[in-house]
Protein chains: 2
Amino acid sequence: MHHLEHHGLAGLSLSPLAEAVGTSKRMLLYYFGSRENLLAQALAASRPDAEAMFGTVHDAAGLHSAARALWEAITVGRQRGLVRMLLQLLSLATTQPEPYGALAADAVEVMVGPIAAAYVRLGHAERDARVRATLLVSGLRGLCQDRLVTGDTDRIDAAAHRLIEDATSPAG
Amino acid sequence: MHHLEHHGLAGLSLSPLAEAVGTSKRMLLYYFGSRENLLAQALAASRPDAEAMFGTVHDAAGLHSAARALWEAITVGRQRGLVRMLLQLLSLATTQPEPYGALAADAVEVMVGPIAAAYVRLGHAERDARVRATLLVSGLRGLCQDRLVTGDTDRIDAAAHRLIEDATSPAG
DNA sequence: CCTTGACTGTACCGATCGGTACATCTATGG
DNA sequence: CCATAGATGTACCGATCGGTACAGTCAAGG
């Protein structure tokens with residue numbers, strides 16, 4: 001019962017979430033103690049998924065294909081819901097640093113860290129690798145949000161593929 | 001009294017907003033009729049600002065310098081608040097298409113349209129121009145959000161400048 | 001059998017939300 | 001002076017929020 005959070009977490013309120021997972025608001029608070037703790041544990045439970053999603057990157061060719069696979073996973077694939085959740089989290093963090101700021105910063109690190117490590121393995125200096133990873137990850141995130149808002153999949157998929165090409169070309 | 005909305009709109013609730021602009025919730029509803037209408041009019045009032053911000057783009061050299069000026073305006077400059085508002089709006093649109101979806105799509109067009117027009121002026125085909133503009137705008141938007149969340153200004157400014165270089169280089 | 005502890009439904013709490021009813025104040029125009 | 005219309009304060013509405021109090025069910029263990 002504990003790991004069904006990705007069903008909801010959209011409305012972020014307990015009653016609809018409880019109904020979605022087939023229990024009651026009362027039980028959620030009984031198990032998790034508070035809404036804040038529930039959110040933290042849901043994110044903690046999603047962390048392995050997110051790490052796996054960003055961790056399958058190894059070398060230059062791998063970075064390119066992994067980035068394309070990543071884009072597909074977050075737009076039409078299995079991780080669509082998770083990414084929506086992370087987008088919400090980042091937005092919440094900008095308006096309510098407490099308690100979301102730390103969780104959001106951690107989420108950013110989960111995304112940027114593995115990509116930066118891949119760039120380091122390609123011979124880039126640590127800081128340069130993090131800058132490149134930031135560009136790729138935040139760029140894809142912005143594009144993903146645009147895609148959710150406008151639904152203009154052709155335009156945005158093309159932009160995403162161009163970003164991936166730029167970010168993973170040997171010259172880049 | 002009508003154009004002070006950028007003060008607030010963060011909490012998005014009427015009472016704090018009313019207090020911030022020195023009036024009462026009662027008066028906001030009296031003038032605007034509903035919260036939804038207030039939001040629409042606030043965004044409509046901000047549209048010229050947003051259009052001006054993205055509209056000062058004319059040619060290749062201009063695109064490069066304008067993009068850098070744009071980045072400074074949305075991160076440390078005058079339009080910081082407006083951009084925060086737009087970021088919130090896009091996030092809201094992903095969870096509540098009614099009534100935010102249309103407003104958010106319009107906001108995206110305000111951002112992408114002028115940049116795409118600049119690319120068209122540079123000789124790119126219409127669709128290619130919109131793809132390039134999407135990459136630049138959504139990329140900067142994602143980076144801006146990362147900057148708000150993590151506060152890691154050095155890393156993200158470097159990534160933004162790299163994105164601008166890539167997007168406005170003659171080869172790009 | 002009885003007790004204990006984990007689980008759960010119901011009903012409630014105070015706060016806040018967007019929105020409204022009603023009375024009032026004020027200023028303008030006849 | 002008085003009528004009318006705009007502006008404003010106060011007090012309230014029903015809904016929802018996260019969270020809690022209390023009573024209960026039920027199975028395991030003495």
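Within every chain, numbering begins at 1; the chains are lettered A, B, ... in the order of the sequence lines, protein sequences first and strands thereafter.
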Of all pairs that satisfy salt bridge (Lys or Arg N to Asp or Glu O under 4.0 Å), the ones with a partner from residues 62-75 of chain B, not counting sequence neighbours | B/Arg68-B/Glu165
Are B/Asp106 and B/Arg47 close enough that some pair of their side-chain heavy atoms sits under 4.5 Å apart?
-> yes
Under a 4.5 Å cut-off applied to non-hydrogen side-chain atoms, are A/Tyr119 and A/Asp128 in contact?
-> no
Main-chain N/O of A/Ser91 paired to A/Thr94 side chain as donor or acceptor, under 3.5 Å | yes
For side chain to side chain contact (heavy atoms under 4.5 Å, CB included), just list the numbers for A/Gln79 and A/Leu70, CA-CA rounded to whole Å, side-chain angles, deciding distance to a tenth of an Å, and then say yes or no.
-> CA-CA 9 Å; A/Gln79 307 293 358; A/Leu70 176 63; over 6 Å; no
When the distance from [atom1] of [X] to [atom2] of [N] is rounded to whole Å, what number comes out?
X       : N      : atom1 : atom2 : answer
B/Leu28 : D/dA7  : CG    : P     : 14 Å
A/Met27 : C/dC7  : CE    : P     : 9 Å
B/Tyr30 : C/dC22 : OH    : P     : 17 Å

Inter-axis angle, terminal five-pair segments of the helix from C/dC1-D/dG30 to C/dG30-D/dC1 [nearest 10°] | 30°
Going 5' to 3' through nucleotides 16-25 of chain D and flagging B where a protein heavy-atom sits under 4.0 Å of the base, S where only the sugar-phosphate is that close, and - otherwise, we get -SBBBBB---
For the hydrophobic clusters of this structure (ILVMFWY residues joined by side-chain heavy atoms under 4.5 Å, transitively), does one cluster hold both B/Leu163 and A/Val131?
-> no
Count the heavy atoms of every other residue, nucleotide or ligand shown that sit under 6.0 Å from CD of B/Glu36, and state whether that count exceeds 12.
-> no
Would you indicate whether A/Glu109, at its atom CD, is surrounded by more than 12 heavy atoms from other residues, nucleotides or ligands within a distance under 6.0 Å?
-> yes
Can you check whether A/Tyr31 has a side-chain N or O nearer than 4.0 Å to OP1 or OP2 of C/dT8?
-> yes
